[in-house]
There are 2 protein chains.
Amino acid sequence: MSTIHMEVLSPIAKPAVTSADRVLVQIQRAVVEGEIAAGSKISEPELARKFNISRAPLREALARLERCHLIERIPNAGARVVRLSYEGLIHLYQIREELEGLACRLAAEYMPTEEIEQLQGLLDQHLSHQRVREGESYYQEAGDLDFHYRVILGSKNPYLINMLCDELYYLVRMYRVQMGMNGPRVSRAFDEHKAILTAIGNRDGELADLLMRRHISASRKNIEIKLAQQEK
Amino acid sequence: MSTIHMEVLSPIAKPAVTSADRVLVQIQRAVVEGEIAAGSKISEPELARKFNISRAPLREALARLERCHLIERIPNAGARVVRLSYEGLIHLYQIREELEGLACRLAAEYMPTEEIEQLQGLLDQHLSHQRVREGESYYQEAGDLDFHYRVILGSKNPYLINMLCDELYYLVRMYRVQMGMNGPRVSRAFDEHKAILTAIGNRDGELADLLMRRHISASRKNIEIKLAQQEK
DNA sequence: CTTTCCATTATTGTCGACAATAAATAGCTT
DNA sequence: AAGCTATTTATTGTCGACAATAATGGAAAG
């Protein structure tokens with residue numbers, strides 16, 4: 001259970017040794033969960049005071065926030081929290097489909113059998129958690145991302161891992177969290193995960209690729225609906 | 001001719017307003033062209049002195065260099081120029097194939113006819129340059145990257161554009177430059193570009209995708225050979 | 001002679017202050 | 001009164017110095 005939290009917050013366990021790291025995690029969470037409103041301007045002096053650090057490490061943190069597309073910076077003008085939009089969602093998921101499809105093909109080839117079995121166990125564990133805590137969206141969120149992380153890590157491609165886990169996934173989470181994802185898709189998602197993992201276990205990269213693309217596409221449509229509801 | 005240089009060095013014309021920007025471009029070039037040796041350690045005080053700036057903007061530049069995978073940083077330990085390797089090349093081109101394939105599909109859908117025609121003209125222009133300056137690898141380099149840039153921009157997906165043009169292409173250039181790419185592939189590459197663009201013009205995304213993947217795959221094999229020669 | 005521990009040195013991370021640029025406000029002109 | 005311009009204000013970019021951490025070299029023990 002606490003493992004799930006850890007996994008979601010930091011896919012690749014890097015001990016936050018520097019103060020910029022520490023603050024980065026906090027701001028990331030605040031932005032993703034909407035604590036700092038989407039579209040709002042970011043004041044460096046204000047944030048620095050808030051976290052009791054100087055502007056130097058804060059700017060380092062902001063640079064990394066820009067890297068994962070959570071803020072947008074304009075030279076000599078400042079930074080703003082990104083604004084969620086329909087177009088943004090589409091663009092983001094176009095890439096996800098492609099890259100996570102690739103991750104599946106690679107995982108089918110390179111993911112050690114041991115890791116696959118371990119992930120299988122994790123899926124069952126998530127399922128039981130899900131049964132117990134029906135409707136708690138955070139568990140779905142955590143479990144889903146956890147699954148995707150593992151598959152991506154299984155690709156053994158460092159660039160791919162970096163792009164998806166470090167650069168794209170915080171924004172994905174932001175869409176899901178702020179759209180309040182839960183609903184009836186939960187159990188279906190579990191089945192889809194199972195099917196994908198089975199294909200990977202059978203070393204059938206093509207099928208795993210196809211299933212993952214469908215899975216992500218379905219997830220996108222789910223968020224699209226929420227976004228449309230919210231905008232009207 | 002000078003346009004070609006500009007295009008290669010800065011795909012999306014952002015006037016380097018801050019001193020960090022200015023220095024970034026210089027270090028990028030130095031790393032890509034091997035002026036700063038691959039695998040060598042980077043000294044912040046030394047570089048700061050060399051460019052007559054303080055460490056603050058230099059560190060900003062280093063952060064962005066890390067972002068495009070030209071250097072690797074370890075907290076409290078420092079930064080090293082990335083080392084080229086067979087595995088790295090494979091991993092990099094796996095992603096390129098996927099993302100540029102996607103870019104082609106999207107370009108076939110969203111690239112304005114006007115832009116396509118303009119790119120067609122650019123291809124012819126490159127061809128004539130090529131005929132005149134037979135064997136000058138830099139022109140091939142510039143022309144090839146220019147073509148890829150245009151197609152990527154045609155996708156109209158900001159995340160895709162950012163990933164390919166800002167994060168991946170400097171490393172691609174580094175492989176190509178340091179492996180000394182020229183040789184007999186030049187004229188074939190022009191034909192492949194033509195074919196891809198024709199498919200995009202016909203709004204045939206599937207075909208453009210396929211052709212681009214083959215084109216990139218062929219380019220990879222070309223570099224693989226050089227790399228193998230160099231390592232033996 | 002090798003290995004381990006410690007001190008020294010150098011490098012990175014952080015801080016507070018200053019300079020340059022952009023935003024906000026007030027005053028002037030039409 | 002509206003719009004433009006100049007001045008003020010605030011924010012970002014940059015600097016030099018200090019603190020904390022890692023790399024280096026040497027001395028002592030085995």
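Atoms considered below: every heavy atom in the structure, side chains included; atoms not considered: hydrogens, waters and symmetry mates. Numbered from 1 within each chain, the chains take letters A, B, ... in sequence-line order. If you're wondering where the values come from, they're calculated on a predicted model, not measured in any experiment.
- One can place CD of B:Glu72 at 16 Å from P of C:dT12, the figure rounded to the nearest angstrom.
- In this structure, the CG atom of A:Asn76 is 5 Å from the C1' atom of C:dT21, given to the nearest Å.
- OP1 or OP2 of C:dT14 sits under 4.0 Å from a side-chain N or O of A:Thr18.
- When each of A:Pro75 and B:Ala77 is assigned the nucleotide of DNA chain C with its nearest heavy atom, B:Ala77 is the one assigned upstream, toward the 5' end.
- B:Glu46 and B:Lys41 are not joined by a salt bridge, as no carboxylate oxygen comes within less than 4.0 angstrom of a charged side-chain nitrogen.
- Rounded to whole angstrom, the span from the CG atom of A:Leu62 across to the P atom of D:dT11 amounts to 15 Å.
- Here B:Arg105 does not pair with B:Glu109 in a salt bridge; the nearest charged N to carboxylate O distance is not below 4.0 Å.
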- Task: Mind running side chain to side chain donor-acceptor pair (under 3.5 Å) on B:Tyr93 and B:Arg96 for me, showing each step along the way?
- Result: CA-CA 5 Å; B:Tyr93 272 65; B:Arg96 264 195 83 190; 3.2 Å; yes

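- Remark: B:Arg150 is not positioned above the aromatic ring of B:Phe147, lacking an NZ or CZ atom under 6.0 angstrom from the ring centre and at most 45 degrees off the axis.
- Inter-residue side-chain proximity for A:His215 and A:Glu100 is flagged as unmet; no heavy-atom pair is nearer than 4.5 Å.
- Against DNA chain C, the stretch residues 39-61 of chain B makes heavy-atom approaches under 4.0 Å through B:Lys41, B:Ile42, B:Glu44, B:Pro45, B:Arg55, B:Arg59.
- The pair B:Glu44-B:Arg55 meets the salt-bridge criterion, with a side-chain N (NZ, NE, NH1 or NH2) lying under 4.0 Å from an Asp/Glu carboxylate O.
- We find that CZ of B:Arg73 is positioned 8 Å from P of C:dT12, with the value rounded to whole Å.
- Atom pair A:Arg80:CZ and D:dT11:P shows a separation of 13 Å (rounding to whole Å applied).
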